[in-house]
Amino acid sequence: MCGIVGVLGNHEVSPQIFDALKRLEYRGYDSAGIATVNRGKLDLRRAVGKLINLSDILVHEPLPGRAGIGHTRWATHGGPSVANAHPHRAGRVAVVHNGIIENFRALREGLGTEGISFSSETDTETIVQLASHYLERGMTPVEAARATLKRLDGAFALAFLFEGEEDMIICARRGSPLCIGHGEGEMYLGSDAIALAEMTDRITYLEEGDWAILSRSGAMIFDAEDSQTNRPVTRINLENAKVDKSGHRHFMAKEMAEQPRVLQAAMGHYAGVGEDNPALPEGLDFSATDRLIMVACGTAYYACQVAKYWFEKYAGLPVELDIASEFRYRDPVLGPANTALFVSQSGETADTLAALRHARPHVAQVVSVINVPTSSIARESAVALPIHAGPEIGVASTKAFTAQLQVLALLALKAGLQRGYLTPDAFAARLSELRAAPGFVAQALDREEEIKRLSELLSQARDVLFLGRGVMYPLALEGALKLKEISYIHAEAYAAGELKHGPIALVDTDLPVIVFAPHDALFEKTASNMQEVLARQGKVILISDAQGLAAAGDVPDRLMMPTVPEIIAPIVYAVPAQLIAYHTALHRGTDVDQPRNLAKSVTVE
Ligand code: M6R
């Protein structure tokens with residue numbers, strides 16, 4: 001959450017910083033700001049709300065200068081206001097910060113006793129006040145930054161800009177991502193490489209605990225023990241950093257539409273056509289694994305929930321699942337023959353990263369399924385499997401979910417083969433079904449017009465219930481999450497069989513109940529639960545295939561899905577879950593790509 005940028009340029013940097021912030025706006029949009037040093041003077045502009053508001057201010061009050069830092073905020077301490085917006089300034093120093101300073105209260109109290117007063121409610125202001133205090137006591141900017149960093153507890157990425165210093169930005173990374181960009185006589189920093197894509201493809205990723213002094217001629221990087229160190233410069237593929245809507249109305253629409261291509265790409269990477277026994281990355285072996293522990297947050301967690309069924313069914317592997325924010329606070333029992341698998345689109349989710357670090361010393365192997373190969377989670381895993389979905393900008397995760405499912409399904413099949421649980425013939429049969437997923441997803445996307453009509457009905461609802469059994473239960477959870485996230489309609493999901501244990505009390509003539517039920521082995525059971533709703537005048541919307549719809553009888557609201565092999569049903573049924581949320585949100589006029597209170601990358605615990 002929160003995006004930070006810094007530029008030491010050879011021309012006015014505000015426009016460059018603003019452009020980079022646009023690429024980071026997915027990380028938070030409660031407020032934004034830029035600070036520059038011009039002719040030695042530090043100055044800043046800040047605005048509440050989206051970047052467009054900052055742009056209006058910059059038009060009327062331009063911010064000259066060739067050195068600057070910028071920030072887009074997701075509020076943690078203190079609500080969205082100009083006073084709480086970054087950059088924060090005290091005396092001769094300004095700071096932008098992503099993360100949380102956990103000891104800020106103690107620091108604030110200490111500074112208060114020195115007569116220092118605060119102008120915001122943020123934890124960040126303690127950083128800038130501390131640095132300013134050290135400067136006042138005669139320290140140089142480098143000494144002040146270093147002394148300040150030593151006083152901070154918590155997880156953060158931050159950057160300092162000093163009055164009188166037009167060729168210096170000091171930045172630090174502890175727990176939150178930060179990278180340095182190398183230009184021609186210019187230097188940059190950003191929360192991710194995508195932010196810097198318009199400026200450079202040469203990136204240095206800072207390691208945990210690193211801090212750096214940037215000047216136009218390069219970066220001096222120090223590790224957590226303050227020893228000067230070298231970190232490699234890598235070239236990123238700028239094609240992968242492209243962030244445009246390609247003619248779609250929203251990023252979410254574009255990302256949903258991309259799914260057939262993305263799934264094809266993921267499949268092609270791991271199991272090209274004609275490869276009957278595709279190799280997984282070296283070192284990835286489930287044959288001696290006695291238990292698989294899967295950990296993630298949000299949509300990625302639901303992908304794990306689906307994958308649990310696959311690992312049990314196709315690999316005979318006991319699976320334990322946990323939400324990352326719960327995992328490390330419940331003393332999980334971990335063993336030397338366990339494999340721990342972490343799933344994350346961004347690869348930067350603070351809870352998932354912390355869970356990974358908690359598990360790593362106790363298990364045989366740490367594996368991750370991520371979308372950003374250079375992310376912290378990828379870099380801290382023994383084996384990282386990219387899903388090859390390309391940048392996902394819409395806050396509601398769509399293509400990353402289906403690509404995660406595709407890669408996890410392949411992993412489960414491969415584990416089954418390695419463990420002798422699946423015969424080579426059974427493996428080949430499931431693999432060829434998996435290869436058919438992109439085509440069926442394209443067919444599901446073709447149902448958009450019908451979904452639009454159903455969504456009109458949903459947009460009037462106050463609450464919506466989603467039901468499913470087996471792998472359709474996590475799909476129901478995902479459908480409910482998507483709907484809540486972007487339409488702000490309260491939605492709940494239940495395993496269909498649980499309905500009678502309580503939630504059926506909610507059913508009345510106003511409650512839409514969406515049932516995911518392909519005609520599989522569990523169909524009859526789910527259909528009975530659906531009848532229980534219909535018997536109480538509930539408004540059922542049944543999503544099934546031709547056989548299921550025929551068997552269900554008279555259900556007025558229905559959506560016909562293609563008939564698909566069991567293993568890919570969750571991938572294909574994800575599409576109506578996404579489109580329902582999308583069109584309901586459009587009917588309600590909410591902000592689809594940047595829904596209120598949310599941010600794409602959750603880098604605070
Ligand atoms: O980047 P991650 O996959 O680790 O993110 C996890 C969740 O924050 C994320 O899936 C969130 O729930 C989405 N906004 C859901 O659409």
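Both ligands and their constituent atoms are indexed starting at 1 by order of listing.
Among residues two or more places apart in sequence or in another chain, the ring-ring contact (aromatic ring centres under 6.0 Å, His included) test is passed with H583 by none.
Of the charged side-chain nitrogens involved, none lies within less than 4.0 Å of a carboxylate oxygen, so that E449 and R453 do not count as a salt-bridged pair. R261 has a carboxylate O that lies under 4.0 Å from a charged side-chain N of E258, or vice versa, which qualifies the two as a salt bridge.
Under the 3.5 Å distance criterion, with hydrogens and angles disregarded, a donor-acceptor pair is assigned to the side chains of S381 and S368.
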Under 3.5 Å donor-acceptor pairs involving side-chain atoms of residues 401-411, not counting sequence neighbours:
unit_1: T402; atom_1: OG1; unit_2: Q259; atom_2: OE1; d: 2.7
unit_1: T402; atom_1: OG1; unit_2: K399; atom_2: O; d: 3.2

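Among residues at least two apart or in separate chains, salt bridge (Lys or Arg N to Asp or Glu O under 4.0 Å) pairs with a member in residues 353-367 are E208-R357, R357-E380, R360-E380.
Protein residues with a heavy atom closer than 4.0 Å to ligand 1 are C297, G298, T299, A300, S344, Q345, S346, T349, V395, A396, S397, L481, K482, E485, V602, listed by chain and number.
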